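Whatever order the structure lists ligands and atoms in, that order sets their numbers, starting from 1. Since the model is a prediction, treat every value here as computed from it, not as a measurement.
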Amino acid sequence: VSEGGDYVFRYPLVTGGHDPVYHDPLVEMIRVLLESLLDVVVLTYGGKEVKADGFRLLTRPEEEFRIFGPRPSLDGQERPNLQSVRNAALYEPRIVLIERALAAILSVVELEGEEGPVSVSGFRLRDPRHWLMPSAGDPLEVFGYAATRCNVDCSFCYLKGDPPDLALVSPRRKAADELAEMMTRLRYFDPEAGRALFPAWGEIREALAYPHILTILKALRQKTLRPFRIYTSGRALTREMVKELAALGPLYIYLSLHSASPDRLSRLVHRARPEVQLAAPRLLQEYGIPYAIALVPWPQDGLAPMLEDLQETISHFDQYQPHLFQVHLPGYTRYYSSVPLFDHEEVWGAIVTMVRKLRQEVRSPIVAMPTMYEETRFEGVRNQARIIGLVPNSPAQRAGLSPGDLIVAVGAVAVRNRPQARDLLALARAHGKPFPMVVRRGEKDLVVTIDPQDYGYPYDPHVDRHLGVITMGMGFRTRYVEALRDLIQERGARHVLFLSSRLVRPYFEDALREVGLIDATMVRLDIEVPENRYFGGNIILGDLLVVQDFIDHIRDYLARGNPRPDLVVIPSTPFGLGAWRRDLTGRPYMDIERATGVPVALLECERIYE
Ligand code: SF4
């Protein structure tokens, strides 16, 4: 902690760890400085982007040196009780720039102190105020740093399948050290001004397993009234804890409860305390805390027992009025299992079929995530504003809406698709006045009046943006197709390769047909889906693709005999975790263009959470 009481962010410095591209150490120093700079800036001249891949020394104008070498490995840089440079590569690469610049300079000079040469093994940030970033103002930006440990051990824990070079790392530190960091983060957290200290998320575990969690939540509540969203296994949700949390509202609990059977829960989740975890829904209901039950059906004993348990679990917990059931379709990476664990289509299809059946039987809404899978496989028409469930006692449920209703108009505005309907509902909720809504039920159009002030538990206007209406995910915004057209026109491209994902591609193609903005006689537009080799297993989410997956796919596209495209367009979301356009390994997206020689542009998209 500094004299001013701030936590000091300290990083290790590894000198001499990288293989040089040039043996002349002074040339190599300049190369590394330029390479590191070009990972965080884009040069411009006269307002236009300029790309550079080499340099000349003024003393040796006849010789050209290349800037980019093999990407230096960040392996072996973690040090106990220090921050992680690998993590900074994703969230604050200016710290990597400092590390690389210092290492490059220290390869040719030694620093001197009063007593002679000083050996340097790390560096610290002088002042946290230099490192403020735009913030969404979510309290999780402070207390999320408590989620560094877990109190259970799920057999399918997603962290067991993490590749070794993922940037989402945080070295083990003492709880007191983490508290000092969170208190400093809290000091600079300004939700009203939309500012916070730079993020440094590692692997997210269980915040309620952190010994000082109540201290940090109480301090946060003095600063913001925004809801706390807490992810938990429920193992810490004793009556005392639930009572303490209830006094800190508004909050929303994502309760991971994979089974209502104590025996199955104990087999799926080692170190479980079924007597505490299974009692948590009733306690949360008693204390008026809205919560979702998040569960992963895992076919460890075969499909039939898994489906039976899913049915029993949802039917059982429905009596305690969860705000929502989130059924996560089971996923694993090649690091979790190098051989297929189950028939992906069969298992996902069977789970969604069961979810669709259960929606007819229980009161609380159920979503199967990723929602685009269900819609593409089971619905005739995608992106419709159809209601699949209603939060009990929400304004929408109390107004008489029904699962299956198709939203036709909100207020006086006709609805074209799902994202638009959700935007209109969010506006109506913020407005707070009763309004009419037209829905199609069967063949008939009905008008209902929704009063945003008419609600009861578990609905909570602090956490529910759509008045209790649950749809099959966020849907797809057709403006992405317009943005793609603008990008193509701006770049004057005639042959474009658009890299999508298995789940989004059908939506994109629908929107392209519907909007008809791209003239196929003028522009060749190839839409392809890169394979997720980095994570492997049955991972199909586009947001989990990394730079190397895109490079491999473009090379493969060219190797199949396709002519070199003028432009490759990639949705921005695989590079959207931090603000610096890095993939999950901390690698900049510009590496795709550097490796393939094909111009690459990102298409700005929202991350799909559902
Ligand atoms: S609760 Fe989450 S972090 Fe903890 S073991 Fe289970 S999946 Fe992993």
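A cation-pi arrangement is present between R185 and F198, with the terminal nitrogen or guanidinium carbon under 6.0 Å from the aromatic centre and inside a 45° cone about the axis.
Of all the heavy atoms of N151, none lies under 4.0 Å from any atom of ligand 1, so neither backbone nor side chain is involved.
A salt bridge links D309 with R264: the distance from a Lys NZ or Arg NE/NH1/NH2 to an Asp or Glu carboxylate oxygen falls below 4.0 Å.
By the definition of a contact as any protein heavy atom under 4.0 Å away, atom 5 (S) of ligand 1 is in contact.
Every atom of ligand 1 with a heavy atom of C154 under 4.0 Å away is listed here by number and element: 1 (S), 5 (S), 6 (Fe), 7 (S). For ligand 1, the atoms lying closer than 4.0 Å to a non-hydrogen atom of C150 are 1 (S), 3 (S), 4 (Fe), 5 (S).
Of the protein's non-hydrogen atoms, C157 SG, 2.3 Å is the one closest to atom 8 (Fe) of ligand 1. Protein heavy atom nearest atom 2 (Fe) of ligand 1, with residue, atom name and distance: Y158 CE2, 4.5 Å.
Between Q83 and N87, the side chains place no donor N or O within less than 3.5 Å of an acceptor N or O (distance only, hydrogens not considered).
For H344 and F342, the ring centers sit 6.0 Å or farther from each other. In summary, the aromatic rings of Y252 and F228 are positioned with their centroids too far apart to meet the 6.0 Å limit.
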